[in-house]
Amino acid sequence: MRTFLRNFFQFCAGGALLILGLLFTVLAIDGRPPPVILNNSVTTVVVGDSHIQCAVDDSALPGVVNLSMDSEGYIFSYAKLRYLLQQNPGIEKVILGCGPHNFSSYYEEGIWGEKSGPVLRRYTELLTPGERAEIILRNPCTLKDLSRGISSARFASFTPDGRVRFIGAFEAMNTGKPTDEASILKRIRSQFYIGEKVVSFSVIQRRYLDKIVQLCREQGKTLILLGTPLHEIYRSHVPPAYQAHYDAVVRTTDAEMVDFHDMVLPGSSFLPDGDHVNSRGAQQVTEYLARYLRGLSLAERAESGCDN
Amino acid sequence: MLFNSIDFAIFLPLVFVLYWFVFNKGLRIQNALLLAASYVFYGWWDWRFLGLILASSLLDYVVGLGLGRENRNVRRKLLLGASICLNIGLLGFFKYYNFFAESLTNAFTFFGLHLDPNRLNIILPVGISFYTFQELSYAIDIYRRKIAPTRDLIAFLGFISFFPQLVAGPIERAANLLPQFLRARQFDYGKAVDGLRQCLWGLFKKMVIADNCAVYANDIFNHAGTSSGSTLLLGSVFFAFQIYGDFSGYSDIAMGSARLFGFNLMRNFNFPYFSRDIAEFWRRWHISLSSWFRDYVYIPLGGNAGTIWMRIRNVFIIFLVSGLWHGANWTFVAWGLINALYFLPLMLLNRNRKNTGTVAAGQRLPSGKELLQMGMTFFMTLLAWIFFRADNLSQAFQYIARIFSPSLLQMPNVCPVEVLLLLCGFVAVEWVQREKKHALHFDGRALPRPIRWAVYYGLLCGIFIYGGSRQEFIYFQF
């Protein structure tokens with residue numbers, strides 16, 4: 001028994017060293033993400049989470065490509081943009097999804113929380129050692145997913161249809177079910193409440209939004225924050241503190257804001273949760289966005305004196 | 001509590017320390033600890049069913065004593081009948097009431113009659129299919145005078161509820177496990193170390209192989225209508241390894257854990273996917289269940305004796321009952337029926353005991369013929385597993401029809417390179433170790449410690465990095 005216990009504890013000590021070695025490897029290893037070279041005609045990229053992924057149909061917008069992915073927090077959008085802008089200097093505009101839910105701490109579930117696993121694995125190779133360390137410090141269990149992300153990057157950066165793992169695309173979402181108040185309220189509760197208490201704002205989401213703003217400013221890119229449409233029941237149940245916080249962020253952030261939150265769309269344009277649009281809603285959002293971008297383009301041309 | 005959970009990672013060492021250091025003053029007190037630990041383990045799932053397992057165990061304890069005392073055949077049959085009725089009755093009520101009620105309703109509806117049976121909101125107690133069979137085997141073995149009943153209530157209750165095998169087997173026989181509760185156990189270093197190795201391999205099978213395959217199997221089965229034939233075939237392969245990794249992984253952890261306490265549980269899996277025919281597969285897959293049905297259903301029905309029609313009848317009964325044991329759904333019955341159809345030709349041609357040894361024993365690689373045999377047997381089990389996995393018969397038939405469509409020749413829609421590489425590595429390791437008790441069994445010709453420990457650390461790394469999103473053990477639903 002003594003020998004057994006001694007060997008067992010020695011083995012566990014070795015295991016602890018192994019974990020430290022793994023930690024060092026995850027922090028030190030170079031991600032080496034695959035190149036993402038966009039078509040020369042692309043001047044505008046759309047990034048963000050599922051809200052903007054299902055709302056902007058880039059096939060109807062010349063020069064625009066939607067690279068959003070579900071559950072993409074701003075830390076990941078920032079890492080993605082940093083990489084994309086480096087590889088594609090021809091990008092002039094960045095459209096970033098932004099809504100009240102983006103500032104809720106529930107979002108951190110997808111950064112270092114219970115739901116972060118599959119998300120982290122997508123973006124590991126894009127993150128700097130400092131960013132990985134920040135995530136691990138917040139939740140040491142994420143070491144596992146970051147390790148997997150590094151390992152997976154060596155084997156399979158590409159999905160079977162040829163797309164890079166951290167690069168998304170427009171996805172028309174249709175469930176065939178109508179919106180209903182119960183689903184919307186359930187959604188509101190999951191995003192903004194724990195029990196009866198309103199959850200706190202997410203510091204990391206705000207910090208990385210600011211970093212995105214700074215990145216675009218430094219690189220001379222126009223940043224456009226896009227608030228996708230919200231069902232009126234959803235909108236009316238967003239906690240006032242979040243609405244106020246969102247308004248303040250939008251006001252003080254050095255970016256253009258295109259707010260479709262108040263866009264009047266029928267209930268049949270939304271998914272049951274009330275904060276994602278379906279393909280019908282996407283069509284309408286895309287049309288509005290197209291008009292906005294045309295207007296923006298005309299204004300830019302006027303400013304540069306092209307029409308003279 | 002799941003074996004691959006923090007709860008169990010705390011529970012097991014705690015019980016181990018108490019067992020060998022605190023409660024090691026005597027056999028009875030050690031058994032009492034195991035019993036208490038087992039009831040805590042079971043109650044962790046759902047405390048409401050503790051009463052059920054206790055009550056049914058007590059009844060079989062009393063029946064056992066009665067059978068031991070009683071010599072009159074009629075009385076003995078009555079006692080046995082009581083045990084069978086209680087255990088089968090419990091199983092039938094909790095597991096099959098709604099299934100039979102719905103099936104009856106559908107049958108009447110088919111003939112234009114409307115029935116309105118009460119559908120009950122019944123929760124299936126975890127492990128009921130396993131411990132009821134264990135209790136039945138105890139009563140039947142006493143009736144047959146193969147074993148004597150025990151008067152030691154603690155030992156008996158411990159035998160029924162022994163936590164490593166309580167919720168998903170192996171289904172232990174009293175002749176094997178009960179005597180181990182009745183004699184003093186000494187700590188055996190070699191047994192304990194090998195037990196830990198087996199636990200490690202079981203965790204790897206469950207968390208890396210089964211849970212990762214499950215993600216893709218579920219995705220493919222849920223989108224079967226839009227996937228190509230090659231994708232669906234891949235999906236069935238993923239499910240085959242999911243269920244193997246899941247169930248045999250659990251059994252390995254159960255056996256390994258038991259060995260830490262000085263117990264030897266019966267082997268439940270013997271590298272079944274290296275079988276050369278279906279008969280061999282059924283000698284290697286879920287051995288405790290198939291041997292239970294052989295000893296307590298097949299042989300009493302006449303077994304291989306009697307006319308050819310009786311033998312055919314017996315085979316069908318065994319496989320259909322085995323299918324139904326797995327769940328209250330016609331898909332499981334269909335799965336059993338398919339296996340019966342696979343098995344029948346072998347039995348009728350007296351070829352069902354042709355391949356009893358290990359494939360390519362002593363050889364590094366199989367011959368071409370053996371490879372073909374294994375491939376064909378694996379393919380046949382794949383087709384049967386589709387019924388096991390499908391939600392209903394219609395889905396299963398459509399799934400198979402799409403496999404055998406022209407789209408079988410397309411590239412699969414899903415091709416997870418990592419998981420496929422893991423599977424290849426896994427199969428290679430199991431192949432190399434196929435003549436051993438389990439894939440991490442080093443019998444005597446021990447590798448040097450640095451190499452052994454490197455292997456263990458490698459597996460732990462694999463579990464840490466590749467441990468998939470937690471999926472419940474499939475066989476818990478039985």
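Here is how names work: the chains are called A, B, and so on, in the same order as the sequence lines, proteins then strands, and each is numbered from 1.
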Student check: side-chain heavy atoms of [X] and [Y] closer than 4.5 Å:
X: Q10(A); Y: W453(B); result: yes
X: L18(A); Y: F464(B); result: no
X: L5(A); Y: W20(B); result: no

Given that the side chain runs from C-beta out, which part of L420(B) has a heavy atom under 4.5 Å from chain A: side chain, backbone, both or neither?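 Interface part for L420(B): neither.
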Which bit of Y457(B) is near chain A, if near means a heavy-atom gap under 4.5 Å: side chain, backbone, both or neither? both
Can you tell me if [atom1] on [X] sees more than 12 non-hydrogen neighbours from other groups inside 6.0 Å?
X: R189(A); atom1: CZ; answer: yes
X: R82(A); atom1: CZ; answer: yes
X: Q283(A); atom1: CD; answer: no
X: R449(B); atom1: CZ; answer: yes
X: K25(B); atom1: NZ; answer: yes
X: F21(B); atom1: CZ; answer: yes

Distance check, rounded to the nearest 0.5 Å: [X] atom [atom1] versus [Y] atom [atom2]?
X: F4(A); Y: D188(B); atom1: CZ; atom2: CG; value: 11.0 Å
X: I465(B); Y: I150(A); atom1: CD1; atom2: CD1; value: 10.0 Å
X: L22(A); Y: L460(B); atom1: CG; atom2: CG; value: 11.5 Å

Taking the ring of F16(B) and the ring of F8(A), is the distance between their centroids below 6.0 Å? no
Which atoms of [X] are under 4.5 Å from chain B, going by heavy atoms: the side chain, the backbone, both sets, or neither?
X: E114(A); result: neither
X: L143(A); result: both
X: N7(A); result: both

Look at the side chain of K144(A) and the backbone N and O of G467(B), then say whether any donor-acceptor pair between them is shorter than 3.5 Å. yes
Could you walk me through whether M1(A) and Y189(B) satisfy the side chain to side chain contact (heavy atoms under 4.5 Å, CB included) test, starting with their C-alpha distance in whole Å, then the side-chain angles of each, then the deciding distance to 0.1 Å, before giving a yes or no? CA-CA 7 Å; M1(A) 174 62 83; Y189(B) 176 84; over 6 Å; no
